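Each remark here refers to the structure printed beneath this line.
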Amino acid sequence: MISVKSVMKVAALVATFSFIIGYNISAGGREMSSETNALIGKWTKQTTDDCARFYPTNLEFHDGGVYAAPGAVEEGAQWHGGDWDVDGNGLFKLQMANDAMSPLNLMELSPTRFVLSDAADCTVTYVRQD
Amino acid sequence: MENHAQNPDLPQEIIVDQRSDGPLSNLRRPELQNNYQRFTPIFTIKSLKKGAYFMQWRPKGLFWTRYNGTMRIERHGSGVTASGDFYRHNAYTFKSWPTFQIVPNPDPSPSAGIPIFRRSNYECYLRVTQILEFYTFGNSFTMKFEKYDFDTATNSWTNAGLHSAVMSFKTAPSSFPSGATYLEGTLKSPSGVDLGTITMGWVSKYLRKASLEIDRVSASEYPGSNGSGLDWKDVFKAVDWDLNAYQSDTNLTEPSGQSWSDAELHSAMLARRDSSDLDNEWRYHILAVRRLDSTSRGIMYDAFSGDSNNIPREGAAVSSHWTIPNTNTWGTVRGMRFGDADAPYFRTAVHELGHALGLYHNTADNGFMNTTGTIASSPGTFPSNIQWSFNAADAKRLRHMPDPWVRPGVIPFGSSYASAPISPTDAMDLGGPLELRIEPLLDAVPIGAPVRVKMTLTNHSDSAIEVPDHLTLKSEHVTGIVSDPNQTRRSFRSLMRCIEEHEVTVLKPGAKMTGDMTLLRGLDGALFSTPGLHNIAVNLSWEISGITVNVAGSNSVMITPPVDDAHAVAAKATLSEPDLLLTLAIGGDHLEEGIAALDAAMANSVLAPHFAIVKAKQAGRRFGKRKASPSDALKALGSRPVLSQEEANRVAELLDGAPATVLKKAPKTLGKALATASDGNKSVKKIADEMSA
Ligand SMILES: [Zn+2]
């Protein structure tokens with residue numbers, strides 16, 4: 001299923017994780033980790049660093065593996081909605097504007113906030129809207 | 001758009017070929033051709049053909065430089081959307097040693113269809129805000145556009161202001177397709193400076209053209225159609241693109257197993273595509289491979305860090321061997337290999353090309369730029385819930401975003417839509433050459449009262465047009481329909497068939513004419529018999545040299561409910577008595593039922609002001625042995641009658657010659673009401689002044 005190259009990429013990213021939960025649950029007809037459930041809902045970007053400008057202000061993670069990013073196209077973000085997943089290894093994937101499932105690190109996840117970091121070491125914090 | 005001329009009886013496209021014998025010899029509608037055989041045409045009707053135009057601007061005083069480009073004209077339900085792009089063109093090349101010659105650089109050949117220009121010569125975008133929307137009786141129209149200059153260093157646009165040109169229809173040079181619309185004008189800067197000559201001539205019914213090469217590995221299917229008869233040509237024809245999609249290589253070598261990295265996709269495109277001259281062709285490339293490293297279904301890899309040659313949006317890829325999850329979300333294709341599921345596989349290929357064309361995800365509907373996952377999760381069964389078209393906003397972008405946004409190799413993928421200009425959807429500030437404005441005298445009218453409506457006909461064209469000499473219900477040119485709050489439609493037209501002569505008058509360019517009508521009943525009964533919002537649609541129709549010309553306008557009026565029992569009883573009398581309409585229209589003492597209903601209305605304080613002029617006319621005119629009585633007329637008018645301009649003029653006629661002593665007894669508010677309604681009419685003002693004296 002996964003090519004040799006992407007497994008190597010995953011391994012490199014996993015090494016940087018600070019927060020990994022290993023067990024899976026099944027929900028919505030697909031394998032879901034507990035991170036998946038914890039991320040469902042509406043989030044707002046808190047980080048204002050320049051490197052975070054490509055991340056959408058609003059993220060809405062839905063059950064069923066799709067997310068929306070209201071206003072993302074207008075603000076010039078590079079994630080406009082599509083598929084999302086946190087796999088069994090804790091790798092956070094978010095369909096980019098060109099459909100690449102860019103791998104991100106989920107650095108921290110709590111009921112009220114999550115922190116991601118990307119390959120360029122940009123760290124972005126989101127807080128729950130409600 | 002509400003009051004714009006709608007010309008329902010005229011074809012949208014009448015092409016006038018001035019090279020032929022008669023000015024109207026190539027009308028495309030046979031029924032109109034018959035008309036022309038019966039009548040001698042004395043004028044021409046012209047409109048803009050939809051499609052792409054080759055456009056050229058020759059700046060004043062510049063021998064060497066000109067600007068070549070295209071203008072795209074789209075027609076749709078609410079009018080016209082138009083946009084254009086200009087590229088610099090050196091008219092000559094100077095050849096140095098040993099020839100030392102000046103050699104002309106040819107312009108593109110208009111007979112070759114939509115011209116393609118060098119990316120590096122890109123100059124500006126034309127955001128067209130005004131253009132001929134329907135048709136003109138004259139030979140010219142004003143075109144206005146904001147000129148957005150492009151900065152190649154920053155890929156950004158700057159608005160250089162609203163430019164304009166009065167474009168005149170000319171005979172197309174022989175290099176253009178037969179029957180091509182051809183226009184010429186002088187381009188004016190925002191401050192009115194002559195910037196030179198601008199010409200545009202029709203070259204294609206399509207707005208844009210491109211090629212799509214699809215290469216594949218032998219194990220992957222060719223994504224050529226959705227399995228139900230919809231192919232690339234159809235998808236893009238729907239947005240006025242002439243897309244030439246074709247399969248080329250069918251046995252690409254897999255560089256490192258079945259799954260391809262973005263870099264491998266990019267190098268395969270460079271190595272295997274049939275041609276790469278993006279300055280001569282808008283060429284896109286799609287690879288169909290078994291699997292993709294970066295994603296499951298498809299990717300427009302030529303973006304962000306995947307664009308290794310810094311020529312953005314040249315290529316995309318789809319994967320045929322992704323297995324669709326075996327869950328209910330995936331409907332009838334659950335568990336299938338993606339390449340075997342024709343519909344979603346082809347959809348993804350179109351979606352990826354959409355990204356290469358500069359489009360982003362759009363979740364407004366289940367159209368091409370929504371994501372597969374979002375559609376599968378949406379109501380309905382996948383893949384039958386796929387919408388096989390682009391969302392309207394994306395279709396507009398494909399038609400009208402600036403060339404550098406859409407064509408490959410200029411603006412990188414990922415810039416905000418807001419960073420580029422795009423034309424407004426309705427290019428017209430003005431309607432057709434003629435506009436009919438419909439304005440109720442009062443926004444709210446009590447139930448049982450007639451509704452007074454003012455009609456204004458304006459000539460927006462630059463030539464004089466023959467129109468009916470009066471805008472009135474007493475001519476058969478005016479007809480209309482009132483829709484009540486339940487959408488029940490009741491029509492109205494003149495009671496006066498053939499009473500008035502059908503005189504015509506000439507409305508000069510920019511001139512207006514006005515007329516009033518008082519609406520109460522129509523052919524199907526009372527027009528305003530229910531409280532609530534009513535729409536009044538008026539059609540003005542007449543003939544010019546054998547062609548029926550229609551101008552339509554509409555507006556709404558609120559009918560308020562009865563305020564008390566007395567009002568309700570009076571309203572019942574006025575709404576149910578058919579003869580009241582005749583009393584209102586022609587007056588006289590002989591219509592007993594009509595008079596009875598009128599008196600019932602006059603006895604009610606709510607309705608009396610609305611019927612006062614009808615009663616006044618009855619009293620103020622002689623009928624049989626009964627003498628005209630100005631003082632009875634004055635009494636009937638009361639203190640605050642509701643009067644149209646036309647009715648105010650009638651009051652002046654009725655009271656003309658009335659003794660000053662009678663006029664002085666009139667309430668001051670009546671003089672004021674007359675003066676307001678008269679809109680400057682001198683005889684009305686005289687009477688009003690005497691009342692106030
Ligand atoms: Zn996409």
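These numbers come from a predicted model, not from an experiment.
Between chain A and the options B:Gly298, B:Gly257, B:Ala418, B:Gly306, the largest number of non-hydrogen pairs under 4.5 Å is found for B:Gly298. Between chain B and the options A:Ala72, A:Ala100, A:Ala97, A:Gly76, heavy-atom pairs under 4.5 Å are most frequent for A:Ala97.
In this structure, the side chain of A:Asn98 does not engage the main chain of B:Ala303 through any donor-acceptor pair within 3.5 Å. Checking side-chain atoms of B:Ser416 against main-chain N and O of A:Glu75 turns up no donor-acceptor pair under 3.5 Å.
Across all their heavy atoms, B:Gly373 and A:Asp83 have their closest contact at CA-OD1, 3.4 Å. Listed here is the closest heavy atom pair of A:Gly64 and B:Ser377: O-OG, 3.9 Å.
The disulfide bond (SG atoms under 2.5 Å apart) analysis of residues 93-130 of chain A, with sequence neighbours excluded, yields the pairs A:Cys51-A:Cys122.
With a 4.5 Å cut-off on side-chain heavy atoms, A:Asp99 and B:Met300 do not count as touching. Side-chain atoms of A:Met101 and B:Leu292, non-hydrogen and from C-beta on, never get closer than 4.5 Å to each other.
Atom CE of A:Met96 sits about 9.0 Å away from atom CD1 of B:Ile299, to the nearest 0.5 Å.
Within residues 387-407 of chain B, no residue has any heavy atom less than 4.5 Å from a heavy atom of chain A.
Only the side chain of B:His351 comes within contact range of chain A, with heavy atoms under 4.5 Å apart.
Under the side chain to side chain contact (heavy atoms under 4.5 Å, CB included) rule, A:Gln95 has a single partner from B:Thr371, B:Thr374, B:Thr372, which is B:Thr371.
Enclosure of atom NZ in A:Lys42 is not indicated, since only 12 or fewer non-hydrogen atoms of other residues, nucleotides or ligands lie within 6.0 angstrom.
In terms of the ring-ring contact (aromatic ring centres under 6.0 Å, His included) criterion, A:Tyr67 has no residue partners (sequence neighbours excluded). Partners of B:Phe413 under the ring-ring contact (aromatic ring centres under 6.0 Å, His included) rule, at least two apart in sequence or in another chain, are B:Phe304, B:His355, B:Tyr360.
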